[in-house]
Undergrad: 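Below is the structure I would like to discuss, written out as structure tokens.
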Amino acid sequence: MSGVAEQTTQQATQQAGQPAAQQAPTGFDAVIHYLLGKRPDLTSIDPELDLVENRILDSLGFVNFLYVLEEQTGEEILMENVTPSDFRTINAIRKRFFHESDQSGS
């Protein structure tokens, strides 16, 4: 794990109320932990909640979020290959970067 992504994931884990000594989440779970760390008032994030409109993901934290995503997927994310809609919801992130179907429950 790169230093920035590891530090960012550890910070999000600590902000989410977990001790740093616990096993850090990996993969998609690490992404959820990172996002929850941005909004400690939330205990979960609806898979279709707009992350930008609800200020979970903002322009200041976007670069750090990209580091987390790259580290957890093992793939470089090139801006020319993505669109803003790829980052709007948990389901969009899951589909685009983890190649999994959505978890909306419908």
Side-chain angles (χ1 to χ4, degrees):
M1 186 180 278
S2 74
V4 173
E6 183 175 9
Q7 182 179 14
T8 303
T9 303
Q10 287 175 350
Q11 288 171 346
T13 301
Q14 289 171 349
Q15 289 174 0
Q18 292 188 352
Q22 259 188 349
Q23 178 75 20
T26 58
F28 189 70
D29 289 338
V31 171
I32 297 296
H33 267 323
Y34 174 82
L35 293 171
L36 284 171
K38 303 306 276 175
R39 287 283 306 273
D41 58 311
L42 299 177
T43 57
S44 65
I45 301 172
D46 183 284
E48 288 300 323
L49 183 71
D50 189 306
L51 301 173
V52 176
E53 285 183 14
N54 289 282
R55 299 179 189 260
I56 296 170
L57 191 55
D58 61 21
S59 59
L60 294 176
F62 189 71
V63 172
N64 285 335
F65 181 68
L66 283 179
Y67 283 124
V68 171
L69 262 180
E70 287 180 340
E71 191 60 39
Q72 298 307 316
T73 62
E75 299 175 12
E76 182 179 9
I77 299 171
L78 301 174
M79 291 294 94
E80 59 265 15
N81 296 335
V82 295
T83 65
S85 63
D86 291 329
F87 303 95
R88 293 299 266 200
T89 68
I90 295 293
N91 278 339
I93 293 166
R94 183 189 310 269
K95 284 183 209 177
R96 174 65 175 85
F97 301 103
F98 292 89
H99 313 293
E100 298 175 9
S101 61
D102 71 38
Q103 300 295 311
S104 61
S106 42

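Numbering of residues begins at 1 and proceeds along the displayed sequence.
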Undergrad: V82, V52: one ILVMFWY side-chain cluster at the under-4.5 Å cut-off?
TA: no

Undergrad: Assert yes or no for the condition that the ring centre distance of F87 to F97 is strictly below 6.0 Å.
TA: yes

Undergrad: Can you hop from F62 to L36 via hydrophobic side chains spaced under 4.5 Å?
TA: yes

Undergrad: Hey, could you give me the CG/CZ distance between N54 and R39, rounded to the nearest 0.5 Å?
TA: 6.5 Å

Undergrad: Answer yes if M79 and V68 sit in the same cluster of Ile, Leu, Val, Met, Phe, Trp and Tyr residues linked by side chain heavy atoms under 4.5 Å apart, and no otherwise.
TA: yes

Undergrad: State yes or no: do I77 and F98 share one hydrophobic cluster built from I, L, V, M, F, W and Y residues joined by side-chain heavy-atom distances below 4.5 Å, directly or via other members?
TA: yes

Undergrad: What's the shortest heavy-atom distance between Q72 and G27, and which atoms?
TA: OE1-N, 2.6 Å

Undergrad: A92 and S85: which non-hydrogen atoms are nearest, and at how many Å?
TA: CB-O, 3.4 Å

Undergrad: Would you kindly confirm whether L78 and L69 end up in one hydrophobic cluster when ILVMFWY residues are joined by side chain heavy atoms under 4.5 Å apart?
TA: no

Undergrad: Suppose we screen for salt bridge (Lys or Arg N to Asp or Glu O under 4.0 Å). Which residues come up paired with D86, at least two apart in sequence or across chains?
TA: R96

Undergrad: Is there a side-chain contact between F28 and R94 in this structure, where contact means two heavy atoms from C-beta onward sitting under 4.5 Å apart?
TA: yes

Undergrad: How long is the gap from CG on L35 to CD1 on I90, to the nearest 0.5 Å?
TA: 5.0 Å

Undergrad: As an exercise, state the distance from CG of L57 to CZ of R55, rounded to the nearest 0.5 Å.
TA: 12.5 Å

Undergrad: Roughly how far apart are E53 CD and D58 CG, rounded to 0.5 Å?
TA: 14.0 Å

Undergrad: Do L49 and I56 make a side-chain contact, defined as non-hydrogen atoms from C-beta onward lying under 4.5 Å apart?
TA: yes

Undergrad: Working to the nearest 0.5 Å, report the span between CD of E80 and OG1 of T83.
TA: 13.0 Å

Undergrad: Mind checking the CZ-CD spacing from F65 to E70? Nearest 0.5 Å is all I need.
TA: 11.0 Å

Undergrad: Report the C-alpha distance between L51 and I93 in whole Å, list the side-chain angles of each, state the deciding distance to 0.1 Å, and finish with yes or no for side chain to side chain contact (heavy atoms under 4.5 Å, CB included).
TA: CA-CA 10 Å; L51 301 173; I93 293 166; 3.6 Å; yes

